[in-house]
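Both counts, for ligands and for their atoms, begin at 1 and track the order of listing.
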Amino acid sequence: MRKYVIMGVQGSGKGTQSEMLAAGLDIVHISVGDIFRWNVQNHTKMGALVRRVMAAGELVGDDLVESVVRDRLTQHDWNFGFIVDGFPRNRRQAEFFLESYDIDGVIDLDLPDSEVRRRVLSRRLCASCGINYNLLGSSPTVPGRCDACGGELVTREDDTEEALAVRLKDFHEKTNPVLDLFRRKEYVISVDARPPAEAVQAEIRQRLGLPPRSQPEPAPEPQTQADRSA
Ligand code: AMP
């Protein structure tokens, strides 16, 4: 059983690295942001509660976030473990998590703010099936259209200059202290997130004492938000 947390600023590749690790180790990838986005896109009651907060780049209230994480983890579909992405984001969430679960490691993806801006502003999301694209590296075959379903590619509501500034400030003020808390327990490995995804993944595995990605192992299929939230 392996239980990991992955942390890093927006655009640092948390989703990509989590998928690569989850696919190779047969563990479940749990992205809190994806669960919220799925709810917004599917017009659920929770979606209505979080939509405006997310669009402004602000953090959703701790009570709601903690209940989402608790509910997701009580599904117990993670026989071999999990990797949680986007949580905890502040001290209270970290304390809640540490009270409930033993963690084997915290992966801290390190990316300078200038690179964050470049990456985040080129992200696109399929409005129909929820697959994520980044125009810097994985442009769709037909510009503006999803390769998988032909749906329209849109910018995430929170990927604007204004919302990004709020999120970066929040990250430095609230999320960095969480890393310090985990560091005291010697859980944290900090990895430079600037190299290509495969190199970052190799570094993560080496630092966690895990076997390298077997070759040739197909890159994980991009998951839809519905898969992630099911
Ligand atoms: P992400 O995809 O991780 O960037 O999350 C997108 C948005 O979901 C964030 O900007 C927050 O509004 C919300 N969110 C995700 N995870 C959390 C969390 N742990 N605490 C509070 N809000 C969160």
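The contact shell of ligand 1, taken as protein residues with any non-hydrogen atom closer than 4.0 angstrom, comprises V32, G33, F36, R37, M54, E58, L59, V60, V65, G86, F87, R89, Q93, R156, D158, R167.
Between the D159 side chain and the L121 main chain, no donor and acceptor come within less than 3.5 Å of each other. Between the side chain of W78 and the backbone N or O of L73, at least one donor-acceptor pair lies under 3.5 Å.
Using bins of under 30°, 30° to 60° and over 60° for the plane-to-plane angle, the ring pair Y101/F97 lands in the tilted bin.
For residues 46-59, the side-chain hydrogen bond (donor to acceptor under 3.5 Å, both in side chains) pairs, not counting sequence neighbours, are R51-E157.
Salt bridge present: R118 and E115 bring a charged side-chain N and a carboxylate O closer than 4.0 Å.
A donor atom on one side chain and an acceptor atom on the other are found under 3.5 Å apart for Q201 and R205.
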